[in-house]
Every structure is written in structure tokens, then in C-alpha cells.
There are 2 protein chains.
Amino acid sequence: MSESTGMQAPRPRSTRRMAGGKQAPTIYDIAELAGVNPSTVSRALSTPGRVSAKTQTRIEDAARKLNYQVNAFARALPTGRTRTIGLIVSDITNPAYFDIIRGAGTAASARDYTLMLAESTESAELELTAARRMLATVDGLILASPRLSDADISQLASQKPVVVINRTVDGVGSVVADTEAGVADALRHLAAMGHRHIAYVAGPERSWMSQRRWETIKARSDWSGLSATVVASGVPTVDGGRRAAAAVREGFATAVFCYNDLMAIGLMRELQAAGVNIPDEFSILGFDNIFGSDFTTPPLSTIKSPLHELGTTALGYVLEELDKGPGPHRLPVLRTELVLRGSTGPSPRQAPGPGAATA
Amino acid sequence: MSESTGMQAPRPRSTRRMAGGKQAPTIYDIAELAGVNPSTVSRALSTPGRVSAKTQTRIEDAARKLNYQVNAFARALPTGRTRTIGLIVSDITNPAYFDIIRGAGTAASARDYTLMLAESTESAELELTAARRMLATVDGLILASPRLSDADISQLASQKPVVVINRTVDGVGSVVADTEAGVADALRHLAAMGHRHIAYVAGPERSWMSQRRWETIKARSDWSGLSATVVASGVPTVDGGRRAAAAVREGFATAVFCYNDLMAIGLMRELQAAGVNIPDEFSILGFDNIFGSDFTTPPLSTIKSPLHELGTTALGYVLEELDKGPGPHRLPVLRTELVLRGSTGPSPRQAPGPGAATA
DNA sequence: TTGTAAGCGTTATCAC
DNA sequence: GTGATAACGCTTACAA
């Protein structure tokens, strides 16, 4: 009785309650019911094909009967795997993110993973904290428009699979929307409408994407013989756009791109509040094509981002790295697309060139 | 060498990697560095005050030096606690949720908890699955506008603290916005503007809140001598609002409430597209005051919900139940408030009564 | 106040 | 193919 060698391990007492107040069933319960060893149950339930067909079904039946659910923590302890992916966004209030979130979320549950969401509220510091915390409990991480430094991101990526959205970092997987296509179309359109001076209301200084957008606008403008200037700015919100209105009016530009739709909407409304007519006096364009960008009067012209795809492919990358190891860190080109609505029109300063669209 | 009695437990090999590829430090490392027993480290780090001040600081220093981070899974295993709260929303794309999400999220991190978000995409089935899954890994759950049956919710609540938002379920904690105040103000205003027939474009059939809104509109209308009718509807989205346009035009109502702002916007735009003037021909009101509801022309009049507070107090409740046990299931009255904008005006059918607002 | 040791529910490595 | 058994990293009686 006191000699324990070869005895059945004592039945551990579960910590989780069930509906009726009972303890949650464990693989020990299944083992008992199916008349096999707990380790066999574990094999049957987690590594298919390593157990005889007969016992496999016996075990599955028992599990079903007991309404068994694996204990994620117990599983995570020896394996380190949680079937959970983290996603950090800078501002959950920005509608641009919710398609990214939904994309990543549905892609995750399709592969039987769970998405964990965190918000950094536009702060690099908070973002690093959130990322570190998350990294401890997830299998991989997606950083959407991160404000972190390259070094911090690389550091995070050295621990677990990390994929960044709308940014590139050396040696780190990334998914970006291509900018080029949409901007080229937009500039072509604006030039045809007689615009010669373009302004860009920038987003946050540390935003890779804001930089990128400005650079391609600048490059494309030069190439087309248009002049382009930046209006420095602050927060990428409706309010941020409002605050850029004065600077925009002081410049020469007749057409202005904003870092994102939120800013474009803010700029437009502030200008309108001051009696400025859009698009007669200024043409305004945003980026992303968020919810609500077509609610305004005039509805906003914008360069549409493949938000949903950004989310799904980012998640796909994380999972890929997870089981194939560090990948090629490809940078897929997800196309942007010009969506012409009412906030763009002919330049007030110059006659439209050949091929201009009708008013 | 082979006799193990009384020997120091063998150092377990960690499973998590660190920056340089090293293993993550455990309490064993700290113990070694501080010259104490691992259990003392555990006490020092998790139950403050149960260790001498001197060893406490020695341990904290060691922890800091090693850059120690608790392993959440290892901790969760014996305790069952994860310091994580789940939040399930029906549609992450609905801006009404993001203030709830942010409210709950900030309240959570303020108390050093993490919020885990899931979406049910308006499906009761998916919602139950998501809720069950979540419940296994979180300490408590918040259900925002759940589509679940009362029975399902009670069943979930019997396992761990559950709080519902904008709904009541017997014996389950709940937080709702009061409807009454906002609706009363709105109806008073409409009556003063000469409106006599009111319509309500309903939300999803299973939505408790849609029911509630209709009931108070009906009751208040009767009380004021106005007639009120429902327009049945489907999805609580912009599109759902659009589809209600025909039915609205066929009725006698001159003022129409919609279950939420999304539907109100859809209805308004569809009507406008058909050449109907808002507010001259119809007055339109939404509920919630979401992002974008002031972008429209005319801007939407709406009954504002305390979204952020809904989120924070719901989270507060969960935490309260968590450490004080099942609470009184109070139903806090979070006030709604009428926000008058341009989508409401005098009735086209009747002269405004005394005290009508100016156009 | 601190050390000892037994779990928590899995997975993984052995034997057989 | 299946059964023992030792981790995984932490908490928590119980002793000392």
C-alpha cells in the first residue's frame, strides 16, 4: 500500500469549475472512462495517427461524453504554444483598423487560432510595453503601423514571429499597401484637372507610412512637373486635420493629400466651416477609404487601401513563420486604388488640361 | 550522486526563448541569485508583505537584473487566474463598439488586466462558441449586446463572472444605458415641432435593446398623444437602414427613429438618393452618436449613449464579482442624452406647436 | 520568516 | 501501439 512504484498516478484535482459546480474533466477522466493511460489520451487528442483506430474512437467517444475541453494553460506549459496571435494597433478608434482587425481575426479563427488585441494609443512607449506583455503569451505578433523603433521591433522579432503592417524593418516580415498605384492615378487625375501645386498634410513624424506616402507623392509630382510641399502635422485624427487648415490656406496648393481619411475629413470640415468651398477652391484627397468617408458632403475622394487583406495576409505570414521558421520576409504588393468622389475637382487657378474629367 | 533526498530540485529547463536565444529566467534563477528558496521568490513576487523587507528587496533586485517576467501559464495552472477579461461584440465594424472596447480596455489595463476581444458577427451560434472558448482562458466575460438566449447566458455566468451590456438577464450582472431620458426629450422636441406620427425602424429581432427602445418610444408616444408604429427590419447596419426606406415612405410618420445611427444614416442616404429632402419631408433620429454621425448632410440628430462608461463600468463589475463573489447585479442607470443636429425639423404636415425650436 | 514538497493538466521521452 | 514518468514554472499548504 505504501510502495508507490508502478502505481497509477493519483488523480489531480482540477481547478476549473463546470456548469453544475463540478470540476472540469481532464485527460485522466477520459483515460479512466476509456480504460487507457492518460498519455494515450493525450496522444489521441493532440497527435492524430499515433494511436490505433480502435482506441482513438474509444477515447474520442469518452471525451465527447464528458464534454472535455483541453486546458490551454496546461498545454501551453510544456509546449510554449498557445494558438493565440497578438495584434497591436495604435488607435482602436480609427476605422481604418477595424477591417484590418476583422481580416486578421477571421483568418485566425479559420485556422483555429485566437486573436488578441491591444491598443498603444499612439505612444511608442506604451506600444513597447504592450508588445512585450503580449509576446509572453502569444505565439506570434502583428504590429499595425507601429511607432516603435526598428531596433525594438527587431528585438521582439528575435523571440517570436513578428509581422509588421504598413512598414518595413530589416529582417522582419512585413505587409504593406503599395501607395504607388493609387498616388500615380490620383496625380494624373489632378494634373488633368489643371492642378499644378500639391500639398501633403503629413501624419505622425514617426510613421513610416506617412513618410512613404509623402515620398511617392513628391517623386511622382516631380516626374509630372507638379510642385509638392509638405504641411507638417501632428495627430492622425479628424482634429489633426482641422489644425492643418490654416497652413493649407496659406500655401499655393490647390489640391491637398492628407495622410489618412480622418485628417482629410477634419481638414475639409474646418475649411468648410470657414466658408471655403470644396472642391471649387481646394481638392482634397485622403488615404484608406474608411467607414464614413463617403458620408461627408462632398464625399471624400481617397486612395483605397486593401485593409482586410492587410490583416489576413499578415496573419498568414505569422502562422507561416510559426511552422516553417523565419521566412523570406517577402513584401507582398497589395494594390491601392483611387476612389474618385466629390472632394476633387478642377483647379480654380488654371484651365483643365486635355482629357480632364467632366465636372 | 544517485540519492536525491534533500537535494536541491533540478533546475527545470525553460521553454521560452529570450532575446539572445537564451531561455527566459524563472523564479529558480532569481532564487539562486538572491540566495533564497524559489518559494520565497514566489511569495515575494505575488503576495506582497509575506516576506521580510530585506529579502524582498534582494529578490526584487535580482528579478530586475535578470529581466524577469512571470510565465502567465505556469501561474494560471495552479490558480486558475489569468488576469484577462474577455469582451465579445457582435460586429467589430460598428463604431458604436469602439468606445465600449476602449473603455473596457483602458479600465482593464488600469487594473493590470488584459482585455481579450472576440467578434460574433451577429450570429448567436458563433457567439456561444466564442463565449465558451473565451471562458476557458479568461477570468471573466463581458457580453456587449449579446444575441444569446437568457439560458445560455445564465449557464455561462454560472461558471465565471459575466456581465452583459445593454441587456438584462435574471441573476446576471448588467450595465445598460437608460433610453428613457433621451427618448422623452426627443419626443418632446418632435411634438413641439408639430410631428404627430412617429415610426421606429427596428434592429435585429433578438436584440433586447431594440425591443427596449421601441417600448419606450411607444409608451412615451402614447403618453404624449402621438401615434407610433414599428417598421420591422433586419441587420443593424447602414444597409439595413437603406432597406427600410420604402416602408418608411409608405407610412404616415413624419419623424422616424432608427435602432442605431448606422441604420439612420443608411435610411437618410437612401431617402436622399430618391430625392427626398431631410429634414423637410422626414425628421430622422438615430441612437448612440457614433463616429461619423455628424459627417452627414444634414448631420444626424441622435440619442447619445455613454459608450465609454458602458465599457468601463462593465469591466468594473466583472472585477468586483471576481473578488467579492456574485454581486447585487445592480443595473446602473447610465444616462442617454438628446443631441440635436440637422436631421430633425418641423413636421411638413402640421404647424409647429407652441415652443417649437427655430429652423 | 523561510524552506519543503505536492500539486495544477499537459506533453514528451523513454521503455516494453 | 501503449504505459510509466519526468518535465513545464508557479503556487501553496505544511513544517521548521
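Order of the sequence lines sets the chain letters (A, B, ...), proteins ahead of strands, with each chain counted from 1. This is a predicted model, so every value here is computed, not measured.
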Tell me whether the side-chain N/O atoms of A/Tyr28 come closer than 4.0 Å to OP1 or OP2 in C/dC8.
no
Rounded interatomic separation in angstrom, taking CD1 from B/Ile27 and P from D/dT12:
12 Å
If you measure from the Lys or Arg side-chain nitrogens to the Asp or Glu carboxylate oxygens, is any gap between A/Asp112 and B/Arg133 under 4.0 Å?
yes
CG on B/Leu33 to CD1 on B/Ile59, rounded to 0.5 Å
10.5 Å
Should the pair B/Arg58-B/Asp61 be classified as a salt bridge under the 4.0 Å nitrogen-to-oxygen rule?
no
Looking only at the side chain of B/Asn71 (C-beta and beyond, no hydrogens), which of the listed nucleotides D/dT5, D/dG9, C/dT10 gets closest?
D/dG9
Side-chain donor-acceptor pair under 3.5 Å between B/Tyr317 and B/Ser174, yes or no?
no
Salt bridge or not for B/Asp150 and B/Arg167, using N-O below 4.0 Å?
yes
In this structure, how many angstroms lie between the C1' atom of D/dG9 and the CZ atom of B/Arg81, rounded?
19 Å
Rounding to an integer number of Å, can you tell me how far A/Arg75 CZ sits from D/dC10 C1'?
20 Å
Side chain of B/Asn37 only, heavy atoms from C-beta on: which candidate in C/dG3, C/dG9, D/dG9 is closest?
C/dG3
Which nucleotide sits closest to the side chain of A/Leu77: C/dG9, C/dA12, D/dC10?
C/dG9
Of all of residues 40-55 of chain A, which get a heavy atom below 4.0 angstrom from DNA chain C, listed by number?
A/Ser42, A/Arg43, A/Ser46
Electrostatic pair B/Arg102:A/Asp91 at N-O distance under 4.0 angstrom
yes
Distance, rounded to the nearest Å, where A/Phe73 contributes CZ and D/dG9 contributes P
17 Å
Can you tell me if the side-chain N/O atoms of A/Tyr68 get under 4.0 Å from OP1 or OP2 in C/dT10?
yes
